[in-house]
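Everything below concerns the one structure shown next.
All values derive from a computational prediction rather than experimental measurement.
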Amino acid sequence: MNPAVLYTVLVAAIVFEVLGTSAMQAAQHFTRLGPTVVMVVCYAIAFFFLSYTLRFIPVGIAYAVWSGLGIVLISLVGYFAFGQKLDLAAILGLGLIISGVVVLNLFSKSTFH
């Protein structure tokens, strides 16, 4: 399988997970039907795409990319969409997460190349 296609599918999984998590915030403890439905649908799509990538990418690598980029993206969504503040420690930590994902993908022999 073409690595570019696999990583595109993994990025799609991450985007749907971030959309689902954003909808969870908007669902307000499942009291709003629309965001709750969006959350469930987005998570279903996200896990479908993630499960597809696991056929070719080792689970530890796929999950590291999934969780790392998901954390960074949802932090940005929280900042811009929900007005949640990020202090210097949070920004540095997010930078370390991004660095870890980059190192993992560029230098690890465990990744799919």
Side-chain angles (χ1 to χ4, degrees):
M1 176 58 73
N2 181 348
V5 171
L6 283 176
Y7 280 101
T8 300
V9 173
L10 183 56
V11 167
I14 294 165
V15 168
F16 277 103
E17 186 268 335
V18 169
L19 290 172
T21 303
S22 300
M24 184 187 309
Q25 173 75 27
Q28 299 176 357
H29 299 284
F30 308 110
T31 59
R32 298 178 60 213
L33 181 61
T36 300
V37 170
V38 169
M39 178 195 71
V40 170
V41 169
C42 285
Y43 276 141
I45 294 169
F47 281 107
F48 174 80
F49 284 150
L50 178 62
S51 69
Y52 178 79
T53 65
L54 295 180
R55 293 173 57 199
F56 306 99
I57 300 174
V59 67
I61 303 303
Y63 197 76
V65 173
W66 157 284
S67 59
L69 295 182
I71 289 167
V72 171
L73 290 176
I74 199 60
S75 296
L76 292 173
V77 168
Y79 181 81
F80 289 108
F82 299 115
Q84 299 169 350
K85 302 299 178 210
L86 297 171
D87 61 10
L88 181 59
I91 293 168
L92 290 174
L94 292 170
L96 289 171
I97 291 170
I98 292 169
S99 299
V101 170
V102 169
V103 166
L104 181 70
N105 281 287
L106 291 180
F107 301 109
S108 175
K109 292 186 180 7
S110 298
T111 61
F112 180 85
H113 293 287

Do [X] and [Y] share a hydrophobic cluster (ILVMFWY, side-chain heavy atoms under 4.5 Å, transitive)?
X	Y	result
Val40	Val38	no
Leu92	Leu96	no
Phe80	Leu86	yes
Val103	Ile98	yes
Leu106	Ile97	yes

Considering all heavy atoms of both residues, which atom of Lys85 and which atom of Tyr79 are nearest to each other, and what is their separation?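 Shortest heavy-atom separation between Lys85 and Tyr79 comes out as CA-CD1, 4.3 Å.
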
Heavy-atom closest pair (Met39 atom, Ala23 atom, distance to 0.1 Å) is N-CB, 3.7 Å

Measure from the side-chain N and O atoms of Thr31 to the backbone N and O of Gln28, and report whether any donor-acceptor pair falls under 3.5 Å.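 Confirmed, Thr31 side chain pairs with Gln28 backbone.
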
Compare all side-chain heavy atoms of [X] with those of [Y] and state whether any distance is below 4.5 angstrom.
X	Y	value
Leu10	Ile14	yes
Ile45	Phe49	yes
Tyr43	Thr21	yes

With rounding to the nearest 0.5 angstrom, report the CE to OG1 distance, Met1 to Thr53.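 Met1 atom CE to Thr53 atom OG1 measures 11.0 Å (nearest 0.5 Å).
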
Carefully, step by step, assess Phe16 and Val41 under the rule side chain to side chain contact (heavy atoms under 4.5 Å, CB included). CA-CA 9 Å; Phe16 277 103; Val41 169; over 6 Å; no

What donor-acceptor contacts under 3.5 angstrom involve side-chain atoms of residues 56-78, with partners at least two apart or in another chain?
{"unit_1": "Ser67", "atom_1": "OG", "unit_2": "Tyr63", "atom_2": "O", "d": "2.8"}
{"unit_1": "Ser67", "atom_1": "OG", "unit_2": "Ala64", "atom_2": "O", "d": "3.4"}
{"unit_1": "Ser75", "atom_1": "OG", "unit_2": "Ile71", "atom_2": "O", "d": "2.8"}

Phe82, CZ atom: more than 12 neighbouring heavy atoms under 6.0 Å: yes

If you apply the rule side chain to side chain contact (heavy atoms under 4.5 Å, CB included), what do you find for Asn105 with Tyr7, and how did you get there? CA-CA 11 Å; Asn105 281 287; Tyr7 280 101; 3.1 Å; yes

